[in-house]
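Indexing begins at 1, ligand by ligand and atom by atom, following the structure's order. Residue numbers count from 1 along this sequence.
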Amino acid sequence: MSKPFASSADMEEKDETLEVLADGVYALTAEGDPNVGAIEGEDFIVAFEARATPKAASDWLEKLREHTDKPIKYLVLSHYHAVRVLGASAFGAQSIIAHENTKKLIVERGKEDWDSEFGRMPRLFREPEGIPGLTHPDITFSDRLEINLGGDRGDLILQYCGRGHTAGDIVAWLPKHRILFAGDLVEAQAALYTGDAFHMDWSTDTLDRVKAFEAEMVIGGRGYVPKGRREVDAAIEQTRGFLTGMREHVKPIHDKGGTLKEAFEATHEALAPQFGEWPIFEHCLPFNVQRLWDEYDGTDWPRIWTMERDREVWRQLQG
Ligand SMILES: [Zn+2]
């Protein structure tokens with residue numbers, strides 16, 4: 001029997017929890033749905049991630065407004081994926097900040113990605129008709145950008161750690177509280193999506209740089225908020241384990257001239273015992289294996305996912 005496409009059959013609303021991680025530091029987690037956050041400056045807010053639609057963003061802001069009514073000056077996008085950026089208009093931010101590669105990727109494939117993600121995860125797109133169009137950042141950087149939060153709140157440091165989940169992921173680091181917003185570079189007990197990823201870079205240097213912050217808390221792209229060095233490192237290593245597990249099972253089959261389907265089945269069998277029950281595992285794995293296969297074929301820049309290509313890969317591997 002074939003499995004329903006991606007997360008198209010997952011229509012059950014998740015419980016959302018706003019956590020105050022430190023004075024003026026907020027995270028909203030949602031049982032494996034994309035996480036978002038906010039950091040309070042002396043007289044403004046920096047929001048981290050925008051969610052899939054203005055309605056979904058407004059639902060988050062309503063919860064945030066129970067804690068602070070400061071205006072949102074900056075909206076920071078960790079990367080270009082539609083479910084992270086298309087709600088941007090709800091924030092009324094003065095500026096939208098992202099990595100320079102994120103800006104390029106939105107121009108190159110933002111529309112295709114929107115259609116693809118809408119088809120894969122329709123539940124996240126609350127009132128999709130409210131999306132005014134693509135989200136284009138107006139402040140970009142290549143390596144590092146610091147925002148002074150004012151008063152004695154210290155700096156918020158936006159840092160590029162190398163290619164990973166996409167070509168343009170950034171993290172947000174609060175040295176004062178040792179809290180790291182990692183976007184989709186780290187997941188905490190949620191499966192990884194690697195369909196636009198650079199598996200070799202991500203599983204080595206990029207995660208090493210993320211780990212080097214020695215954070216006391218990390219807000220990953222999905223899943224709960226690990227607290228304390230041991231839990232933080234465990235989440236980072238579990239993310240790495242997912243990636244190295246994929247590499248170990250796809251490469252030998254690619255090397256010996258096997259098929260994509262064989263690589264998918266071997267990877268599924270190897271990863272399912274540890275990761276199979278986590279959110280979006282079945283949804284992501286076909287796209288993940290296809291992208292890793294492309295990397296072993298020598299395709300450095302990820303191919304663009306379209307609704308048609310999504311369905312074709314799904315039919316081939318999960319059908
Ligand atoms: Zn993503």
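Note on the Zn ion (ligand 1): protein N/O/S atoms under 2.8 Å are His79 NE2, His81 ND1, His165 NE2, Asp184 OD2.
The 12-atom threshold is exceeded at CD of Glu108, counting heavy atoms of other residues, nucleotides or ligands nearer than 6.0 Å.
Ion pairing between Asp59 and Arg51 fails under the 4.0 Å rule for side-chain N and carboxylate O.
Among residue pairs with one or both ends in residues 211-224, those qualifying as side chain to side chain donor-acceptor pair (under 3.5 Å) are Lys211-Glu237; sequence neighbours excluded.
Judged by the 6.0 Å distance and 45° axis criteria, Arg291 is positioned over the aromatic ring of Phe198.
For the residue pair His177/Asp23, the side-chain donor-acceptor check at 3.5 Å is not satisfied. A donor atom on one side chain and an acceptor atom on the other are not found under 3.5 Å apart for Ser116 and Asp113.
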